[in-house]
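All values below come from the heavy atoms of this structure, side chains included, with hydrogens, waters and symmetry mates left out.
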Amino acid sequence: MNNSRRKFINRFSSILGGSILFNDPSYFEFVKEIDLNTERINTKKLSKFYMIKEDGIYLNHASIGTIPQPVHNAHVKYLKICESNPSLYVWGAPWKKITDLARTLSAELLKCNKDDIAITHNTTEGFNILAHGLVLKETDEVLFSSLNHAGASMPWKGLSKNKNFNVRSFNFPMDLVPEITEDKIVDLYSSQIRKNTKVLIFPHIDNIVGLQHPIEKIAINAKKLGVEYVFVDGAQSLGMIPLDLSNTKVDAYSMSPHKWLQAPKGTGLFFISETMRKKIPPMWYKSSLSMKDNTAKKYEDYSTRAWPAVVALADAIRFQNKIGLKKKNNYYNYLWSETKKIVDTSPDLIWHSPRDKGLSSMIMTIEAKKKSSSIVSKTLNEKHDIYLRPFENPLNALRISPNMFTDIMDIKKTIKIIDS
Ligand SMILES: Cc1ncc(COP(=O)(O)O)c(C=O)c1O
């Protein structure tokens, strides 16, 4: 590379940093093409800014999201910039500053203090930090339900023998989900709490039926019953629904921006309260950071890490902000109502997700009576290029998780094939 190009890249990246997104031609096109002033998203236009195969239908955003082209382009540029002077970008100051910006943008999105946010790699990592760090007695119990994802449960199960504490999982009654109410959810968790239950863990939105838990009510009740720590799995909520962790009674909340926030794979966010930070040491040490810093940054003392992805996380947030949560939610509400309507008209389909809009989400789970979900899913993949997640346990069901660029016609087509 010649000198002037190198200088340009260095200057460009250190001055503009995370705003490379705003200089990408595909971002200009996105802003020009998508009428951001309308109430409803134009899915046909928006879908052009994603890289999902044109003739395929991807309804598995709950497993892993897809990056918009402008954010992807920015990420690629950061990767190139990094290779232009690896030691500067991996160890130097420019991207540390931009990472601080990613933290600020994340805190704005979550309505919390930026000192409470660590930029991790995924939801599972947050739960590992907690399970490794929390001091528990032999008689103490960690409680969760069968709705918990392995990423929130396994760290506790895995460490319970070594660290000598108890773990208990109870079966969440899946048959109650469609007609469930907020009070019933709170009662279900409360009824499982025992004298020695010290930690309660639950998902904000679970990955099986997409039940949106009333986190504050569950937390307040649990604490009244003697639970000391409430930790919430936010893997499916970040980027899908508005979040407000400002006054939450939750002690830690772990998230995966690579799902609904459409950030690069391997980026995580971890909210941990100041009180909790005094009790939980970092999981790894590279510098003396943890000795002088009691912000959540102490949990990021990784040594070498993939900084371009962290820098692009800021751009993923900017992209989502440009579309706006209100517009996204309007469209999600529409997709949910239409999907439920289609499913309800068929005598051979069962809707397993909550029927109450307030408790529902963009995770919609249905069953085709008398059909194996794995076989239906295989047919959808192989014959129709349609991707969703089948479950065999605890339900024989198919999970539809679309996104803001999914056309309702694609969901209709999918359901028609499932029902045929
Ligand atoms: C509810 C829930 N929690 C945790 C995870 C784990 O996420 P990650 O692999 O990003 O740690 C997932 C992944 O699908 C999930 O759906």
Side-chain angles (χ1 to χ4, degrees), residues 40-68 149 174-175 177-179 205-212 236 240 259-260 262 328-357 359-420:
R40 177 76 75 74
I41 291 167
N42 183 329
T43 49
K44 273 213 168 53
K45 285 186 178 174
L46 186 61
S47 62
K48 293 205 182 96
F49 294 91
Y50 287 84
M51 292 164 279
I52 293 287
K53 265 169 75 183
E54 251 181 51
D55 43 0
I57 300 178
Y58 187 74
L59 297 173
N60 198 13
H61 293 267
S63 282
I64 191 89
T66 183
I67 303 193
H149 187 277
M174 302 308 275
D175 54 325
V177 170
E179 306 302 334
I205 294 174
D206 75 279
N207 69 311
I208 306 170
V209 282
L211 173 64
Q212 202 177 136
Q236 299 291 352
M240 191 216 279
K259 292 184 188 282
W260 298 89
Q262 303 180 329
K328 203 186 322 186
N329 279 328
N330 281 347
Y331 189 63
Y332 283 166
N333 286 344
Y334 163 78
L335 278 186
W336 182 81
S337 311
E338 289 300 305
T339 307
K340 193 158 88 42
K341 221 189 288 169
I342 304 163
V343 173
D344 283 347
T345 54
S346 167
D348 295 323
L349 297 176
I350 305 170
W351 179 269
H352 281 294
S353 291
R355 294 189 157 274
D356 177 341
K357 179 73 208 74
L359 299 176
S360 69
S361 69
M362 263 302 95
I363 292 179
M364 301 172 286
T365 303
I366 65 172
E367 179 178 345
K369 287 182 194 166
K370 300 194 191 96
K371 287 187 192 166
S372 147
S373 55
S374 305
I375 294 174
V376 175
S377 166
K378 200 163 177 269
T379 309
L380 287 169
N381 295 176
E382 291 172 1
K383 293 208 172 129
H384 306 278
D385 224 350
I386 297 175
Y387 297 88
L388 42 65
R389 163 92 199 260
F391 283 102
E392 282 178 347
N393 239 326
L395 295 168
N396 166 40
L398 297 154
R399 182 184 72 186
I400 298 174
S401 54
N403 208 272
M404 54 189 165
F405 59 82
T406 307
D407 197 303
I408 187 64
M409 294 313 290
D410 286 345
I411 298 183
K412 278 189 181 158
K413 179 178 166 187
T414 306
I415 294 176
K416 201 167 165 200
I417 298 167
I418 295 171
D419 201 18
S420 62

Using the side-chain contact (heavy atoms from CB on, under 4.5 Å) criterion, which residues pair with Q236? Sequence neighbours excluded. A62, I205, N207, K259, W260, I363
Got a donor-acceptor contact below 3.5 angstrom from the T379 side chain to the I375 backbone? yes
Is any side-chain heavy atom of Y58 closer than 4.5 Å to a side-chain heavy atom of I64? yes
Show the nearest heavy-atom pair for residues Q212 and S360, with the distance to one decimal. NE2-O, 2.9 Å
Given side chains that start at C-beta, do those of L398 and R389 come closer than 4.5 Å, heavy atoms only? no
Would you please name every residue forming a ring-ring contact (aromatic ring centres under 6.0 Å, His included) with Y332, sequence neighbours left out? none
Restricting to ring-ring contact (aromatic ring centres under 6.0 Å, His included), what partner residues turn up for F405, sequence neighbours left out? Y50, H61
Is the closest side-chain heavy-atom distance between I342 and S346 below 4.5 Å? no
Starting from the C-alpha separation in whole Å, work towards a yes-or-no answer on side chain to side chain contact (heavy atoms under 4.5 Å, CB included) for I411 and I57. CA-CA 8 Å; I411 298 183; I57 300 178; over 6 Å; no
Would the distance check show the side chain of N42 and the main-chain N or O of K45 forming a donor-acceptor pair, the cut-off being under 3.5 Å? yes
Can you list every pair that meets salt bridge (charged side-chain N to carboxylate O under 4.0 Å, His left out) and has a residue in residues 376-385, with sequence neighbours left out? K53-D385, K378-E382
Does any non-hydrogen side-chain atom of Q262 lie less than 4.5 Å from one of P68? yes
Shortest non-hydrogen contact from W336 to D356? CH2-C, 4.3 Å
For residues 373-399, which residue pairs qualify under ring pair (Phe, Tyr, Trp, His ring centres under 6.0 Å), counting only residues two or more places apart or in two chains? none
Which heavy atom of I366 sits nearest a heavy atom of W351, and at what distance? CG2-CE3, 3.9 Å
Could you check if a side-chain atom of I350 sits within less than 4.5 angstrom of a side-chain atom of V343, using non-hydrogen atoms only? no
Does the side chain to side chain contact (heavy atoms under 4.5 Å, CB included) test come out yes or no for V209 and M174, once each step is laid out? CA-CA 8 Å; V209 282; M174 302 308 275; 3.9 Å; yes
Can you list the residues that meet the side-chain hydrogen bond (donor to acceptor under 3.5 Å, both in side chains) rule with N329, with sequence neighbours excluded? none
Considering non-hydrogen atoms only, spot the tightest contact between I415 and L349 and give its length. CG2-CD1, 3.5 Å
How far does CE of M240 sit from CE of M362, to the nearest 0.5 angstrom? 7.5 Å
Contact check, side chains of S47 and I52, non-hydrogen atoms, under 4.5 Å: no
Heavy atoms of V177 and S353 approach each other most closely as CG1-C, 4.0 Å
Between OG of S401 and CG of L335, what distance do you get to the nearest 0.5 Å? 11.5 Å
Enter the distance from I386:CD1 to T414:OG1 here, rounded to the nearest 0.5 Å. 4.0 Å
Could you list all the salt bridge (charged side-chain N to carboxylate O under 4.0 Å, His left out) pairs where at least one residue sits in residues 329-355, not counting sequence neighbours? E179-R355, E338-K341, K340-D344, D344-R355
The criterion is side-chain hydrogen bond (donor to acceptor under 3.5 Å, both in side chains); which residues satisfy it with N333, sequence neighbours excluded? K357
S373: partners by side-chain hydrogen bond (donor to acceptor under 3.5 Å, both in side chains), with sequence neighbours left out: N396
Could you give all pairs that pass the side-chain hydrogen bond (donor to acceptor under 3.5 Å, both in side chains) test and reach residues 361-370, with sequence neighbours left out? H352-E367
Would you list the pairs meeting salt bridge (charged side-chain N to carboxylate O under 4.0 Å, His left out) in which at least one residue belongs to residues 391-419, sequence neighbours left out? K44-D407
Does T406 reach the main-chain N or O of N403 with its side chain, forming a donor-acceptor pair under 3.5 Å? yes
For a side chain to side chain contact (heavy atoms under 4.5 Å, CB included) check, start with the C-alpha distance between L380 and L388, then their side-chain angles and the critical distance, and finish with the verdict. CA-CA 8 Å; L380 287 169; L388 42 65; 3.9 Å; yes
